[in-house]
Amino acid sequence: MKRKTNRGKVWNQKSTSGQVRCHCGRPAVLRSAEAVCKTHRPGAKVYVCSNYPACDSFVMAHPGTLEPMGTLASPELRRLRYEAHQQFDQLHKSGLMTRQKAYQWLAYLVQAPMSHAHIGHLGEYYCKIVIRESRKLLAQRTGAA
């Protein structure tokens with residue numbers, strides 16, 4: 001039996017002290033989103049690598065709680081997460097499955113518990129899997145191959 005790995009997963013980037021950390025190892029700092037990225041939410045916050053802009057990694061913070069919406073991501077990972085969300089969202093927006101079923105499918109696909117079945121927690125490898133498999137399901141629904 002082939003052993004499954006957590007290749008590409010970056011679930012938890014908090015240190016033992018609870019501080020959010022970047023994949024480069026440096027601590028993240030909370031900043032105004034307007035200073036770092038494009039946002040349409042006034043007052044939005046982001047966690048950004050303390051080595052920014054040399055390390056251009058950040059993640060949006062949930063409004064109100066300021067919990068990170070995922071893990072800090074480089075420009076390439078942010079692009080992949082965006083594309084993965086675009087494809088994944090079509091699974092429930094198209095009526096192919098409910099939103100709940102889509103997240104159950106995602107958890108199964110990336111071998112994660114439901115609590116971590118969020119694209120904001122995925123690395124490049126699993127983002128590419130989500131993109132590919134979402135496209136496959138949508139193509140099967142429309143009859144395109």
Asker: To the nearest 0.5 Å, what is the distance between CD1 on Ile119 and CG on Leu106?
Answerer: 5.5 Å
Asker: What residues, two or more places apart in sequence or in another chain, satisfy side chain to side chain contact (heavy atoms under 4.5 Å, CB included) together with Gln90?
Answerer: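 Only Lys93, Leu138 meet the side chain to side chain contact (heavy atoms under 4.5 Å, CB included) criterion with Gln90.
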Asker: Determine whether the aromatic ring centres of His118 and Tyr103 lie less than 6.0 Å apart.
Answerer: yes
Asker: Going by the angle between their ring planes, with limits at 30° and 60°, are His85 and Phe88 parallel, tilted or perpendicular?
Answerer: perpendicular
Asker: Applying side chain to side chain contact (heavy atoms under 4.5 Å, CB included), name anything that partners Gln104, two or more places apart in sequence or on another chain.
Answerer: Gln100, Lys101, Met114
Asker: Please output the side-chain donor-acceptor pairs of residues 46-65 that fall under 3.5 Å, not counting sequence neighbours, one pair per line with the distance.
Answerer:
| residue | atom | partner | partner atom | Å |
| --- | --- | --- | --- | --- |
| Tyr47 | OH | Leu66 | O | 2.7 |
| Ser50 | OG | Pro27 | O | 2.9 |
| Ser57 | OG | His23 | NE2 | 2.7 |
| Thr65 | OG1 | Glu67 | N | 3.2 |

Asker: Applying the 4.5 Å side-chain criterion to the ILVMFWY set and letting contacts propagate, would Leu96 and Ile131 be lumped into a single cluster?
Answerer: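 Not linked; separate clusters.
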Asker: Sort and list the pairs that fulfil side chain to side chain donor-acceptor pair (under 3.5 Å) and have at least one residue in residues 26-38, not counting sequence neighbours.
Answerer: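 For residues 26-38: Ser32-Glu34.
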Asker: Quick one: do Leu72 and Arg21 satisfy side-chain contact (heavy atoms from CB on, under 4.5 Å)? Show the steps, please.
Answerer: CA-CA 8 Å; Leu72 274 77; Arg21 300 196 72 80; over 6 Å; no
Asker: Using atom types as modelled and distance alone, determine if a side-chain donor or acceptor of Arg81 lies under 3.5 Å from a backbone N or O of Gly120.
Answerer: yes
Asker: Can you name the residues that form a salt bridge (Lys or Arg N to Asp or Glu O under 4.0 Å) with Arg79, not counting sequence neighbours?
Answerer: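 Scan of Arg79 (salt bridge (Lys or Arg N to Asp or Glu O under 4.0 Å), adjacent residues dropped) gives Glu76, Glu83.
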Asker: If I compare all heavy atoms of Ser94 with all of Leu91, which pair ends up nearest, and what's the gap?
Answerer: OG-O, 3.5 Å
Asker: If every non-hydrogen atom of Val130 is compared with every non-hydrogen atom of Val110, which pair is closest and at what distance?
Answerer: CG2-CG1, 4.1 Å
Asker: Given a cutoff of under 4.5 Å between side-chain heavy atoms of I, L, V, M, F, W and Y, with clusters grown through shared members, what are the other residues clustered with Tyr82?
Answerer: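 The other cluster members (ILVMFWY side chains, heavy atoms under 4.5 Å, direct or chained): none.
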Asker: Testing the basics here: between Cys127 and Leu80, what is the closest heavy-atom pair and its distance to 0.1 Å?
Answerer: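 Looks like CB-CB, 3.9 Å.
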Asker: Nearest 0.5 angstrom please: Gln111 CD to Leu109 CG, how far?
Answerer: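 Atom-to-atom, Gln111:CD and Leu109:CG are 8.0 Å apart.
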